[in-house]
Structure formats: structure tokens, C-alpha cells
Amino acid sequence: MAFSHTLAGPVSRCLAWLLDLFVIGALTGLAGSIFRYAGYLNADIALAFATVCYFVLGIGYGIAMEWYWRGQTLGKRLLRLRVIDRQGLHLQFPQILVRNLVRLAVSLPVCYLLGATVCFLSPRGQRRGDLAAGTLVRGLPTGVDPDRDPLQP
């Protein structure tokens, strides 16, 4: 049996990533303001905590949100995107972990240039994290939800 999914385009994926980056930036800014008070005691320790916090929030946000919202972060949810298994199944935690850890590795050289190139060249629009985890990003159809009231007891 074959399943067909509408795959997310590069523009919608990029916009979702930018929204998520804004959320991560806001959380990091909040944490930074907390660590700024610690900077009065020792500026180097405060900077170290802020740097570690940025990486923990950057990776932890994607992992936590995709696990909690079954393949969606806030950006993906707003743009009606969802990460699914290559076979169309719900994600497993190891897949979420792999795709988000690979994002960190890919972001280091030239800020996603290599990752964006791979995504554009992939026939299914997969970035390196998707290829490693066996996942796809699909666009959710727009439309009216069915009337579920007759189905409820």
C-alpha cells in the first residue's frame, strides 16, 4: 500500500525555522537576563552559563516540542507542518533526537549553507537531519475538521 503526502516546501520550512529561532532567541534572552545578575559576581561564569543555556535551549526546544506536539514545533504548528516518519508513521523519540542533534552539527559550518543545499538537492526536500533520522516534513492540509459530535457517546 502506498501513501501520498504533501511535502513541505523550502520556503515554509525556512519560515517555520525563523519563527522557532525567534522563540529560542526570546528564551535565551530571558535566561541571559537572569545570568546577567550572576555576572555581577563573576562575568566569565555568567558568560559560560549563558553559552551553555543557548545550546541547551537550541537543541532542547526542538526535541521537547517535536516530542510533545508529535512532530511539530511552534513554527511548524503555525505554518501547518509536521515531521513524520518516512513511512508516514508518528515519530519515535530516537528519530527526534537524531534530527535535532544533526541540526546542531550542520549549523556550525557557514550557518546552514550546507544543510540548505542538501535540502534543495534532495528529491523529497530532506535536510541532513531528516536523511539521518528517516523523516520527512509534510504540509498539513487546510480545510474544515469533520463534525465529531455524532461519534462521541
Compare every heavy atom of H90 with every heavy atom of D85, then report the nearest pair and how far apart it is.
CB-O, 4.1 Å

Evaluation steps, side-chain contact (heavy atoms from CB on, under 4.5 Å), between R138 and T6
CA-CA 6 Å; R138 68 173 286 206; T6 304; 5.9 Å; no

Which pairs would a plain distance check flag for residues 55-68, meaning a side-chain donor or acceptor within less than 3.5 Å of a matching protein atom at least two apart in sequence or in another chain?
residue, atom, partner, partner atom, Å
Y61, OH, D20, OD1, 2.8
Y61, OH, L74, N, 3.3
E66, OE1, R99, NH1, 3.2
E66, OE1, N100, ND2, 3.2
E66, OE2, K76, NZ, 3.1
E66, OE2, R99, NH1, 2.6

Is F49 linked to L30 within one hydrophobic cluster, defined over Ile, Leu, Val, Met, Phe, Trp and Tyr using a side-chain heavy-atom separation of less than 4.5 Å?
no

Between L140 and Q72, is any pair of side-chain heavy atoms under 4.5 Å apart?
yes

After noting the C-alpha distance and the side-chain angles of T135 and L91, does the key distance pass the side-chain contact (heavy atoms from CB on, under 4.5 Å) rule?
CA-CA 8 Å; T135 58; L91 293 176; 3.4 Å; yes

With clusters defined by side-chain heavy atoms of hydrophobic residues (ILVMFWY) lying less than 4.5 Å apart, directly or transitively, does L7 cluster with V11?
no

Path from L97 to I24 over hydrophobic side-chain contacts below 4.5 Å
yes

For L81 and A8, work out which heavy atoms get closest and say how close.
CD2-CB, 3.5 Å

Donor-acceptor contact present, side-chain Q95 to main-chain A133, <3.5 Å
yes

Using modelled atom types only, decide if a donor and an acceptor are shared between the side chain of R70 and the backbone of R82 within a distance under 3.5 Å.
no

Do V83 and L136 pass the side-chain contact (heavy atoms from CB on, under 4.5 Å) test, and can you show the C-alpha distance, the side-chain angles, and the key distance before you say yes or no?
CA-CA 6 Å; V83 181; L136 300 167; over 6 Å; no

List the atom of R13, the atom of Q126, and the distance in Å for their closest heavy-atom pair.
NH1-CA, 4.1 Å

If hydrophobic clusters are built by linking Ile, Leu, Val, Met, Phe, Trp and Tyr wherever their side-chain heavy atoms come under 4.5 Å apart, do L78 and L27 end up in the same one?
yes

Any chance you could lay out the side-chain contact (heavy atoms from CB on, under 4.5 Å) test for W17 and L21, step after step, and finish with the verdict?
CA-CA 6 Å; W17 176 75; L21 190 63; 3.9 Å; yes

